[in-house]
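So that the names make sense, note that chain A is the first sequence line, chain B the second, and so on, each numbered from 1.
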Amino acid sequence: MIKHLQELLEKAVDDLQRKGIFPKDLEPQIFFERTRNKDHGDFATNMALTLAKPLGKNPREIAKLIVDELIESLHVAKVEIAGPGFLNFFLTENCRRQIIKQVLKLGDTFGDNDFGNDKKITVEYVSANPTGPLHVGHGRGAAYGASLANILEKCGYQVQREYYVNDNGRQMDILASSVWLRYIELCGEPIVFPDNGYQGDYIVDIARKVRKKFGDKFLFKSLEVYEAVPADEKDGGDKELHIDGLVFNAKQLLGNENYENIFQIALKDILSGIKKDLEKFNVNYDSWFSEKQLHDGDTIDRALEILQDKGYLYKKDGATWFMASHFGDEKDRVVIRENGQKTYFASDIAYLLNKFERGFEGALYVFGADHHGYIARLKAAAKGLNLNPEDIEIVLTQFANLVQDGKKIQMGTRSGQFVTLSQLVDDVGVDAARFFYVMRSHDQHLDFDLDLAKSQSSDNPVFYIQYAHARICSIFQKLEQQAMQHNKEIGNASLHLLNTDQEHDLLRSVASYPEIFVASARTRSPHLLANYLRELAQNYHSYYNAHQVGVDDENVRNARLNLSKATRIILANGLKLLGASAPTSMFSDDQDGG
RNA sequence: GCGCUUGUAGCUUAGUGGAUAGAGCGUUAGCCUCCGGAGCUAAAGGUCGCAGGUUCGAAUCCUGCCAAGCGCACCA
């Protein structure tokens with residue numbers, strides 16, 4: 001429709017140029033937007049305003065010239081000049097109603113588009129270290145990433161969803177050592193748990209599993225465990241040196257094979273827990289990418305070689321540095337430490353290279369706001385690898401606070417006291433959890449109101465939307481019982497009977513879905529979709545209260561049923577994209593997962 | 001100290017150069033012989049953090065200041 005209007009305007013400008021009223025070299029950008037206020041018609045353009053300067057004329061005067069030159073269109077009822085010089089286009093009632101036929105025909109593909117030009121992208125989200133269960137802080141990235149991936153997929157991108165598993169490095173060694181220490185404790189040997197170890201109870205659970213499988217095979221005397229280990233922080237020492245000493249001893253005492261046994265049990269246990277939690281949260285992946293495979297293969301070496309060949313690496317103080325500051329980062333970064341170990345950043349560079357070697361044309365990273373320092377260095381790495389930095393996109397999600405009884409719930413991940421994602425889902429349900437995380441802009445701090453998420457009333461937006469959906473289902477069910485089956489053809493032939501205020505509003509809402517959908521993909525903003533669904537549901541509830549759908553008149557009834565069904569299709573589709581269900585009934589005893 | 005992000009109604013917020021700044025909650029006043037009242041209708045409530053600047057036009061772009069969050073490792 002926008003295209004049609006643009007053609008109308010282009011024609012008018014053309015004619016004005018031919019008549020010599022507009023200069024020949026004028027090439028106006030014609031841009032339409034759906035109006036926010038229905039008094040302003042359906043679509044508006046500000047082109048007369050933008051032409052004011054080059055033409056040196058009053059915008060309203062220009063608008064008048066253009067309007068007079070416009071040819072008639074079947075779809076346009078009238079064009080008005082408004083405000084400082086906007087052109088407001090009013091579509092014909094008939095044209096507005098056609099959208100219903102389209103929705104019914106296309107079903108849940110209504111709104112799909114080719115915005116992404118079939119670009120093959122990988123979307124990475126969550127990627128939390130497998131050192132403990134996911135907590136509510138990870139929930140936002142999960143909900144956001146999963147919803148965004150769903151939206152992009154239907155907006156013309158070839159999407160691959162990926163989780164980067166940091167199964168390598170110091171943190172994993174600390175994890176394995178933490179498990180080992182708890183294991184020793186279980187065997188009855190006294191230990192003092194390190195400040196910097198992983199404190200959570202889940203560590204003890206894993207230790208128990210290790211003991212069940214291997215008995216006391218990995219038990220060593222306290223004296224050996226702490227041999228030559230620097231003092232911990234609580235004893236006036238350095239907690240980092242302390243834990244490194246413990247890790248060193250663990251590897252020495254256990255030997256490669258046994259150490260690996262504990263390491264693998266811990267990794268597998270935690271990773272499978274993460275997978276389970278995400279599945280429960282309705283968040284899915286196409287690929288779980290192991291960092292270790294970058295080390296085992298030659299990707300890191302190759303990546304560093306590329307940088308070396310281009311002269312972007314240098315040695316200083318025994319370490320190898322990447323000239324990140326040359327590419328806009330605030331300082332250079334170490335890729336190989338003095339002790340020969342490759343840094344995490346080296347893996348990042350290799351992973352980036354790997355993504356494009358796998359044939360992706362774009363890499364989208366969803367990071368928590370605390371990782372914003374990574375943007376510059378990742379973009380720098382991309383430039384160093386001669387990749388187009390435009391193809392590397394990093395979206396940050398701000399933090400979410402849990403709020404209960406009007407107060408923020410304080411969380412300390414250090415101490416192991418946190419609300420897990422799994423607990424949250426158990427508490428408020430998947431639907432509310434998924435929806436609440438994405439109903440605000442991702443770059444806005446989010447207060448997650450637990451009481452509201454649990455409430456079953458119109459205050460709760462997800463219930464409000466689901467209720468609208470269930471209501472529509474209920475109407476269809478009721479009519480079926482009364483042998484008044486829905487007849488789509490009669491409805492389509494009777495759309496002209498939809499002429500109440502509420503029907504106009506609802507139609508307007510239905511018709512705006514495709515543009516909202518594209519906008520949510522373009523700006524990487526699932527919250528636009530969430531807000532839209534609320535508005536659509538509201539329009540339906542208003543309509544429902546003002547008019548009866550199941551009237552005796554067969555024509556009116558089926559026209560209204562068509563409108564209702566179109567609404568239901570969009571509600572169900574939108575809820576699904578955001579990871580929530582579209583129940584056919586709100587009564588808990590006959591739930592439908594949808 | 002330096003950097004990134006964010007300041008919009010009492011609260012939570014939408015709005016990435018356009019028209020009278022939109023919603024929800026909360027508050028106040030109304031609506032059930034009617035398909036699910038888990039709903040609807042309406043009212044009140046705003047110096048868009050502050051001060052300059054760019055523009056025909058600024059919540060939006062630029063500069064400075066104030067406030068909040070986060071980040072500034074040969075950690076991950």
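- Side-chain atoms of A:H372 and base atoms of B:rG3 include a donor and an acceptor less than 3.5 Å apart.
- Pair assignment for B:rG18: B:rC56, on the basis of Watson-Crick or G-U wobble contacts that are both within less than 3.5 Å.
- The residue A:S474 sits close to a base: some heavy atom pair falls under 4.0 Å.
- Distance, A:N401 CG to B:rC11 C1': 14 Å, rounded to whole Å.
- Pair assignment for B:rG7 gives B:rC66, based on Watson-Crick or G-U wobble hydrogen-bonding distances that are each under 3.5 Å.
- Residue contacts for A:N168: at a heavy-atom cut-off of 4.0 Å it reaches the sugar-phosphate backbone alone, with no base atom in range.
- Within 4.0 Å of A:H547, counting heavy atoms only, lies at least one base atom of the nucleic acid.
- A:S542 places a side-chain N or O within 3.5 Å of a backbone atom of A:Q538 that can act as its donor or acceptor partner.
- Nucleotide B:rG1 is matched to B:rC72 when pairs are restricted to Watson-Crick or G-U wobble geometry with both distances under 3.5 angstrom.
- Note: CG (A:L313) to P (B:rC74) measures 16 Å, nearest angstrom.
- Taking the six-membered ring where the residue is Trp, the centroids of A:Y437 and A:Y144 are separated by 6.0 Å or more.
- A:F463 places its CZ atom 16 Å from the C1' atom of B:rG37, with the value rounded to the nearest Å.
- A parallel orientation is assigned to the rings of A:Y164 and A:Y351, their planes being inclined by less than 30° (bins at 30° and 60°).
- Protein atom CD1 of A:I375 is 9 Å distant from nucleotide atom C1' of B:rU5, rounded to whole Å.
- Looking at heavy-atom distances under 4.0 Å, A:E330 makes contact with sugar-phosphate atoms alone, never a base.
- Among the protein residues, A:Q341 comes within range of no part of the nucleic acid, since none of its heavy atoms lies under 4.0 Å from any strand.
- A:Y544 comes within 4.0 angstrom of a base, heavy atoms only.
- Protein atom CG of A:D447 is 10 Å distant from nucleotide atom C1' of B:rU13, rounded to whole Å.
- Aromatic ring centres of A:Y467 and A:F463: separated by at least 6.0 Å.
- For A:E240 and A:R170, the salt-bridge test passes: some basic side-chain N is under 4.0 Å from an acidic carboxylate O.
- In this structure a side-chain-to-backbone donor-acceptor pair under 3.5 Å is missing from A:H442 to A:S525.
- A:E515 places its CD atom 21 Å from the P atom of B:rA14, with the value rounded to the nearest Å.
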remark   = With B for base contact, S for sugar-phosphate-only contact and - for none (protein heavy atoms under 4.0 Å), nucleotides 15-26 of chain B reads SB-BB---SSSS
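- For the C1' atoms, the distance linking B:rA23 with B:rG45 amounts to 14 Å, nearest Å.
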